[in-house]
J.: 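Please find one structure pasted underneath; my questions will follow.
As the structure is a prediction and not an experimental result, all values here were calculated from the model.
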Amino acid sequence: PRGDGIVYEGSFVDGEMEGQGRRTYWNDAVYEGSFHRGERHGHGVMITTDERYEGEWADNKRNGYGKLILATGERIEAFFVDHRPHGRGQWICETTGCQYDGEWE
């Protein structure tokens, strides 16, 4: 554990998180998956009080295909670039039945 309330369980290389691991943050968010040079990178799952994302990461951001489920019941299945949907994907709202199937820029 670090002094800032963050806990990491997993492997280290040269003092940085590397490979598979689990990181719990000060706000109880949890990331479990791949790390590279201390950052979320590769496949992983991030769960916060507001959302759950499972998919690809690069440089600590959602990058690549993933599924984002919001606490509101909305679900986005799409490619992500720099944490935002980009390109082809779907947005589905379970509570109201609304749906979007198309492109994000």
Side-chain angles (χ1 to χ4, degrees):
R2 296 172 25 170
D4 54 10
I6 295 174
V7 176
Y8 174 73
E9 301 169 61
S11 57
F12 286 90
V13 172
D14 295 327
E16 299 214 54
M17 298 175 286
E18 185 73 29
Q20 294 297 305
R22 177 185 172 95
R23 188 173 182 179
T24 304
Y25 297 82
W26 60 270
N27 60 357
D28 293 328
V30 175
Y31 172 79
E32 189 163 355
S34 295
F35 289 86
H36 181 63
R37 295 186 180 165
E39 297 187 339
R40 296 182 299 259
H41 195 91
H43 188 83
V45 178
M46 179 83 166
I47 300 172
T48 71
T49 56
D50 299 326
E51 63 187 36
R52 179 185 195 278
Y53 173 79
E54 179 173 359
E56 297 303 311
W57 296 81
D59 302 320
N60 265 346
K61 296 179 182 172
R62 299 176 193 129
N63 276 297
Y65 183 78
K67 297 178 185 178
L68 176 64
I69 301 171
L70 304 175
T72 60
E74 296 171 72
R75 184 175 78 236
I76 298 172
E77 296 183 23
F79 283 90
F80 288 78
V81 173
D82 290 335
H83 230 50
R84 299 176 61 146
H86 185 82
R88 186 110 184 117
Q90 288 186 323
W91 169 64
I92 301 165
C93 185
E94 298 289 336
T95 55
T96 63
C98 58
Q99 183 170 337
Y100 171 78
D101 188 349
E103 299 282 328
W104 275 280
E105 291 186 14

J.: Looking at residues at least two apart in the chain, or sitting in another chain, which of them share a salt bridge (charged side-chain N to carboxylate O under 4.0 Å, His left out) with E56?
T.: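 For E56, no residue satisfies salt bridge (charged side-chain N to carboxylate O under 4.0 Å, His left out) once neighbours in sequence are set aside.
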J.: Would you give the length of the straight line joining atom CG of D50 to atom CG of L68, rounded to the nearest 0.5 angstrom?
T.: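 Interatomic distance, D50 CG to L68 CG, rounded to 0.5 Å: 10.5 Å.
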J.: Could you give the side-chain donor-acceptor pairs of residues 83-91 under 3.5 Å, partners two or more places apart or in another chain?
T.:
from, atom 1, to, atom 2, distance (Å)
H83, ND1, R62, N, 3.0
R88, NH2, D101, OD1, 3.1
W91, NE1, E74, OE1, 2.8

J.: With sequence neighbours left out, write down each residue that passes salt bridge (charged side-chain N to carboxylate O under 4.0 Å, His left out) with E32, or none if nothing qualifies.
T.: R22
J.: Supply the atom-to-atom distance I92 CD1 to Q99 CD, rounded to the nearest 0.5 angstrom.
T.: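 Nearest 0.5 Å value for the CD1-CD distance: 4.5 Å.
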J.: Could you pull out all residues at least two apart from Q20 that satisfy side chain to side chain donor-acceptor pair (under 3.5 Å)?
T.: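 Listed in chain order: S34.
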J.: Please give me the minimum heavy-atom distance between M17 and Y8, naming the atom from each residue.
T.: SD-CD1, 3.2 Å
J.: Set out, in order, the CA-CA distance, both residues' side-chain angles and the distance that settles side-chain contact (heavy atoms from CB on, under 4.5 Å) for Y53 and T48, then state yes or no.
T.: CA-CA 9 Å; Y53 173 79; T48 71; over 6 Å; no
J.: Would you say that K67 contacts R75 through its side chain, given a criterion of any heavy-atom pair below 4.5 Å between the two side chains?
T.: no
J.: How many angstroms lie between CG in L70 and CD in E94, if you round to the nearest 0.5 Å?
T.: 11.5 Å
J.: Using a 4.5 Å cut-off between side-chain heavy atoms of Ile, Leu, Val, Met, Phe, Trp and Tyr, which other residues end up in the same hydrophobic cluster as F79?
T.: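 Once heavy-atom contacts under 4.5 Å are chained together, F79 belongs with Y65.
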J.: Can you name the salt bridge (charged side-chain N to carboxylate O under 4.0 Å, His left out) partners of E54, sequence neighbours left out?
T.: R52
J.: Tell me every residue that passes side-chain contact (heavy atoms from CB on, under 4.5 Å) with Y25, counting only those two or more places apart in sequence or in another chain.
T.: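 side-chain contact (heavy atoms from CB on, under 4.5 Å) check on Y25 returns I6, R23, N27, A29, Y31, R40, M46.
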J.: Run the side chain to side chain donor-acceptor pair (under 3.5 Å) test against R37 and tell me which residues pass, sequence neighbours left out.
T.: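 For R37, no residue satisfies side chain to side chain donor-acceptor pair (under 3.5 Å) once neighbours in sequence are set aside.
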J.: Which heavy atom in T95 sits nearest to a heavy atom in T72, and how many Å separate them?
T.: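 Taking T95 first and T72 second, the nearest heavy atoms are CG2-O, 3.7 Å.
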J.: Which residues pass the side-chain contact (heavy atoms from CB on, under 4.5 Å) test with T49, sequence neighbours left out?
T.: none
J.: Rounded to the nearest 0.5 Å, what separates atom NE2 in H43 from atom CH2 in W57?
T.: 11.0 Å
J.: Start with the C-alpha gap between F35 and E18, add the side-chain angles, then the distance that decides, and say whether side-chain contact (heavy atoms from CB on, under 4.5 Å) holds.
T.: CA-CA 5 Å; F35 289 86; E18 185 73 29; 5.7 Å; no
J.: When clusters are formed from ILVMFWY side-chain contacts under 4.5 Å, directly or step by step, what else is grouped with I47?
T.: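 For the cluster that includes I47, the remaining residues are V45.
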J.: What residues, two or more places apart in sequence or in another chain, satisfy side-chain contact (heavy atoms from CB on, under 4.5 Å) together with A58?
T.: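 Once residues adjacent in sequence are excluded, the partners of A58 under the side-chain contact (heavy atoms from CB on, under 4.5 Å) criterion are H41, N63.
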J.: Tell me every residue that passes side chain to side chain donor-acceptor pair (under 3.5 Å) with Y100, counting only those two or more places apart in sequence or in another chain.
T.: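 Here no residue qualifies.
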